[in-house]
Amino acid sequence: MSAVLARAEDLAAGYNGALALSGVTFAVREGERLGVLGPNGGGKTTLFRVLLGELAPQAGRLDLAVPLATVAQTDRSRLDFPVSALDVALMGSLSRLPWWRRPGRAERRRARGALELVGLRDEADATFGELSGGQRQRVLIARALVQDAGLLLLDEPFTGLDTPSAERLEALLAGLAADGRGVLVATHDVDQTRRWERVLCVNRRQVAFGAPDDVLTREVLERTYGGDLVELPSGHEALAPPHHCA
């Protein structure tokens, strides 16, 4: 069986003494893509902050076996700075260097290798803000790879991407998982998570965790979002607007 990269047991966390998320128990293993579903304010961001060490748990246990890195939404990135794709990827090396040392030849080589891995070798010198949304997302993944992250946390990475870009990004995440990394993706796309290995549903507490076929039932989705469901052409169910956002 593949190794466990992160495990939480009855985890609870919040702000100013008030719980924002409780009762979370899950594990993510090498090679797994785990979709995190939940409404706005349901605790997804709180969970990511606890995993990254930005927020201390108020209860429960969290064990991490590998370094983690987060991949932010590209629409939250500054696009007016005159930095290249290589510059952004190279930022991933800063956490591994002494404060007084600037990235050198070895770090630049590593950053170029990460850009090649995400399919952007020829865009290394392109201005980050002028890349497409899908390309910027892949640059941010390259930055996480430069950090030697064994577990990647992505916050709604498919938001705003056209179909070809989304398909390329999903294929990239599949490739990273196949290489033994773990991938946690906060997403609003219920149907998409059916193609992944595990799903975690939260709404201020854990609603369900497990394989998509076991978790993504009408009952679980209604408890997760508190909204109505509609049947998609695929035969699967999804949230009816306006509750489709996670």
Side-chain angles (χ1 to χ4, degrees), residues 5-6 28-36 44-45 47-49 51-52 54 64 66-79 81 83-96 103 107-189 192-193 195-198 246:
L5 304 179
V28 58
R29 296 179 176 274
E30 291 177 339
E32 286 188 341
R33 296 162 295 172
L34 193 159
V36 184
K44 300 190 304 299
T45 299
L47 175 61
F48 276 23
R49 290 193 64 191
L51 290 170
L52 290 167
E54 298 174 356
L64 303 174
V66 294
L68 280 68
T70 185
V71 180
Q73 292 181 4
T74 59
D75 59 6
R76 297 178 184 173
S77 304
R78 289 290 300 271
L79 303 180
F81 288 150
V83 294
S84 68
L86 179 61
D87 292 331
V88 174
L90 196 58
M91 292 175 187
S93 65
L94 297 179
S95 62
R96 303 168 59 241
E107 287 77 29
R108 295 180 72 84
R109 210 168 31 238
R110 186 178 183 84
R112 288 187 181 277
L115 288 173
E116 182 171 6
L117 184 61
V118 301
L120 292 174
R121 179 186 61 183
D122 296 337
E123 305 296 337
D125 297 323
T127 301
F128 179 73
E130 296 177 356
L131 296 173
S132 70
Q135 289 173 323
R136 292 197 302 271
Q137 193 72 73
R138 285 186 281 143
V139 170
L140 295 178
I141 292 174
R143 182 178 66 181
L145 297 179
V146 172
Q147 293 177 252
D148 263 342
L151 182 59
L152 303 182
L153 312 182
L154 294 95
D155 181 13
E156 299 188 11
F158 297 92
T159 299
L161 300 188
D162 58 25
T163 299
S165 296
E167 290 176 346
R168 175 171 287 189
L169 178 58
E170 187 165 358
L172 172 59
L173 297 183
L176 294 175
D179 286 341
R181 294 179 178 85
V183 181
L184 267 69
V185 183
T187 179
H188 57 74
D189 192 332
Q192 183 181 58
T193 61
R195 299 191 290 273
W196 300 343
E197 286 72 36
R198 295 285 185 272

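All values below were derived from every heavy atom in this structure, side-chain atoms included, with hydrogens, water molecules and symmetry-related copies excluded.
Within the 3.5 Å criterion, the main-chain N or O of Arg195 finds a donor-acceptor partner in the side chain of Arg33.
Using a 4.5 Å cut-off on side-chain heavy atoms (C-beta onward), Leu145 and Arg181 make contact. Taking 4.5 Å as the limit, some side-chain heavy atom of Glu107 sits within range of a side-chain heavy atom of Leu90. Side-chain contact between Val28 and Arg198: absent, with no pair of heavy atoms (C-beta onward) separated by less than 4.5 Å. Side-chain atoms of Leu117 and Leu176, non-hydrogen and from C-beta on, do get closer than 4.5 Å to each other. The closest side-chain heavy-atom distance from Leu154 to Ile141 is below 4.5 Å. Proximity of Val139 to Val118: side-chain heavy atoms (C-beta onward) are nowhere separated by under 4.5 Å.
What you find for Gly134 and Leu161 is that their closest heavy atoms are N-CD2, 3.3 Å. When all heavy atoms are compared, the tightest approach of Ala69 to Gln147 is CB-OE1, 3.8 Å. Taking each heavy atom of Gln137 and Pro157 in turn, the nearest pair found is OE1-O, 3.1 Å. Residue Val146 comes nearest to Gly92 through the heavy atom pair CG1-C, 3.7 Å, listed as atom of the first residue, atom of the second, then distance. Here the closest heavy-atom approach between residue Leu131 and residue Ala126 is recorded as CD2-CB, 3.8 Å. Closest non-hydrogen pair, Ala144 versus Val71, comes out as CB-CG2, 4.0 Å.
Taken to the nearest 0.5 Å, the CZ atom of Arg138 stands 6.5 Å off from the OG atom of Ser132. Expressed to the nearest 0.5 Å, how far CD of Glu167 lies from CG of Leu169 amounts to 11.0 Å. Residue Met91 holds its CE atom at 10.5 Å from CG of Leu86, rounded to the nearest 0.5 Å. Here CD of Glu156 is found 8.0 Å from OG1 of Thr45. Values are rounded to the nearest 0.5 Å. To the nearest 0.5 Å, the span separating CD on Glu123 from CD on Gln135 amounts to 5.0 Å.
Qualifying side chain to side chain donor-acceptor pair (under 3.5 Å) partners for Asp162, counting only residues two or more places apart in sequence or in other chains: Ser165.
Each of Thr193, Thr159, Asp155, Val36 was evaluated against Thr187; a single residue qualifies, Thr193, per the side chain to side chain contact (heavy atoms under 4.5 Å, CB included) test.
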side-chain contact (heavy atoms from CB on, under 4.5 Å) evaluation trace for Leu153 with Leu68: CA-CA 7 Å; Leu153 312 182; Leu68 280 68; 4.1 Å; yes

List the steps and the verdict of side-chain contact (heavy atoms from CB on, under 4.5 Å) for Leu184 and Leu151. CA-CA 8 Å; Leu184 267 69; Leu151 182 59; 3.6 Å; yes

Going through the distances and angles, do Asp189 and Phe158 end up as a side-chain contact (heavy atoms from CB on, under 4.5 Å)? CA-CA 9 Å; Asp189 192 332; Phe158 297 92; over 6 Å; no

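Heavy-atom neighbours of Arg168 CZ from other residues, nucleotides or ligands within 6.0 Å: at or below the threshold of 12.
Using a cut-off of 4.0 Å between Lys/Arg side-chain N and Asp/Glu carboxylate O, Asp148 and Arg110 are scored as salt-bridged. The existence of a salt bridge linking Glu197 and Arg29 is excluded, since no basic side-chain nitrogen approaches an acidic carboxylate oxygen closer than 4.0 Å.
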